[in-house]
There are 2 protein chains.
Amino acid sequence: MDELDSAIVQALQRDARQTNRDLARQLGIAPSTCLERVRLLRARGVIRGYHAEIDPAALNRKVEAFVSIRLRPLNRDVIDRFKAALIELPEVIAVYVLAGDEDLLAHVTARDLDHLHAFLIDRLSRPREVVTFRSQIVFQSAQKRVRERLPGE
Amino acid sequence: MDELDSAIVQALQRDARQTNRDLARQLGIAPSTCLERVRLLRARGVIRGYHAEIDPAALNRKVEAFVSIRLRPLNRDVIDRFKAALIELPEVIAVYVLAGDEDLLAHVTARDLDHLHAFLIDRLSRPREVVTFRSQIVFQSAQKRVRERLPGE
DNA sequence: ACCTGTGCCGAACACTGTTCGCCATCGTCG
DNA sequence: CGACGATGGCGAACAGTGTTCGGCACAGGT
């Protein structure tokens with residue numbers, strides 16, 4: 001994982017569909033070299049995949065929220081089961097198991113407020129393991145597409 | 001945005017680097033047709049870009065956390081400025097402006113716990129606008145790479 | 001000085017992206 | 001009801017691309 005690898009990783013985070021030749025040109029190396037590097041990065045698991053980023057509105061998702069959930073009893077089985085069940089729901093785009101007063105955090109997108117409300121009532125009010133949940137609507141957001149490498153030592 | 005477009009969008013979320021011909025074959029249409037569809041989806045802004053997914057460990061990020069922040073005075077200027085400042089920091093991968101008791105939610109990744117601690121103290125304890133912040137370490141996470149289209153009406 | 005391994009390069013070839021003209025389909029309007 | 005324009009899909013063709021492979025330079029070890 002030298003400087004060249006980092007540069008490749010950064011470039012592919014910005015645009016995963018650029019041609020191997022463009023990538024090579026931009027880094028000042030031969031296409032064959034570049035290809036081999038990229039293949040190794042994939043094989044090593046550094047590059048996990050390539051994904052298209054889609055406008056949420058085009059997927060009919062205009063409302064975004066974070067839902068903090070408190071589970072009881074808090075054992076491994078309940079956590080794993082509930083996490084797996086949540087991530088399967090179409091409205092849920094991410095689930096985090098946390099340290100702190102709340103146990104789970106679900107990142108949710110819904111069609112509108114009514115849909116979000118229905119989701120909360122149907123999916124979180126019913127299960128007995130959920131003792132409390134708290135929803136925070138997202139007004140604005142800013143995401144980073146390309147993450148640099150943090151200085152190691 | 002018909003069924004075919006949805007299928008294209010889904011396939012490209014799964015793997016953004018598959019060849020246009022494979023994509024076309026998989027959908028049962030001609031490569032030229034497929035290409036035109038994809039171009040229109042990009043032009044319409046449905047497809048926003050293609051990004052490589054990178055293993056956080058390879059970027060030296062072993063600790064992940066959500067930090068809830070309370071700002072005062074809570075006016076547009078303070079929010080915009082602070083949000084913009086946060087997203088510029090290398091440790092911050094996303095910032096959300098929320099409705100609820102907390103105003104901002106920052107998604108953070110750090111090298112280790114010490115690094116996270118330093119980040120919190122240096123970046124959040126100092127500014128006067130921050131009246132409170134609360135950190136929640138992430139133990140586990142599950143993300144969805146491909147989001148389906150929610151039924152519209 | 002001599003290996004040996006590693007990583008990069010450039011040529012070669014099959015395959016791909018991309019363009020373009022043609023055709024079928026469908027809705028519109030005379 | 002028929003003519004017609006618009007729309008969208010198709011397949012052939014060509015430039016450009018991914019991918020392989022043999023060779024080469026350089027470094028470290030013996």
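Here the structure is a predicted model, which means the values were calculated and not measured.
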With the side chain of [X] defined as its heavy atoms from C-beta on, choose the nearest nucleotide among [options].
X        : options                   : answer
Ile29(B) : dC10(D), dC8(C), dG9(D)   : dC10(D)
Arg21(B) : dA13(D), dG9(D), dT19(C)  : dA13(D)
Ala30(B) : dG11(D), dC8(C), dG17(C)  : dG11(D)
Leu35(A) : dC10(D), dT19(C), dT20(D) : dT20(D)
Thr33(B) : dG18(D), dT16(C), dG9(D)  : dG9(D)

Please state how far atom [atom1] in [X] lies from atom [atom2] in [N], giving the value in whole angstrom units.
X        : N       : atom1 : atom2 : value
Leu40(B) : dT18(C) : CG    : P     : 14 Å
Gln18(B) : dG17(C) : CD    : P     : 10 Å
Leu23(B) : dT18(C) : CG    : C1'   : 15 Å
Tyr50(B) : dG17(C) : OH    : P     : 12 Å
Arg25(A) : dC9(C)  : CZ    : C1'   : 16 Å
Asn20(A) : dC9(C)  : CG    : C1'   : 14 Å
Glu36(A) : dC9(C)  : CD    : C1'   : 13 Å
Leu4(A)  : dG7(C)  : CG    : P     : 12 Å

Could you check whether Arg145(B) pairs with Asp15(B) (Lys NZ or Arg NE/NH1/NH2 to Asp/Glu carboxylate O, under 4.0 Å)? no
For the pair Arg61(B) and Asp55(B), find out whether any cationic side-chain nitrogen is under 4.0 Å from an anionic carboxylate oxygen. no
Taking only side-chain nitrogens and oxygens of Arg37(A), does any of them come within less than 4.0 Å of OP1 or OP2 of dC8(C)? yes
Phosphate OP1/OP2 of dT19(C) contacted by Arg39(B) side-chain N/O (<4.0 Å): yes
Pairing donors with acceptors under 3.5 angstrom, does anything connect the side chains of Thr132(B) and Arg70(B)? no
Is there a donor and acceptor pair closer than 3.5 Å between the side chain of Ser32(A) and the base of dG10(C)? yes
Under the salt bridge (Lys or Arg N to Asp or Glu O under 4.0 Å) test, which residues partner Asp77(B), sequence neighbours left out? Arg81(B)
Quick check: Tyr96(B) with Phe66(A) (ring centres under 6.0 Å apart)? yes
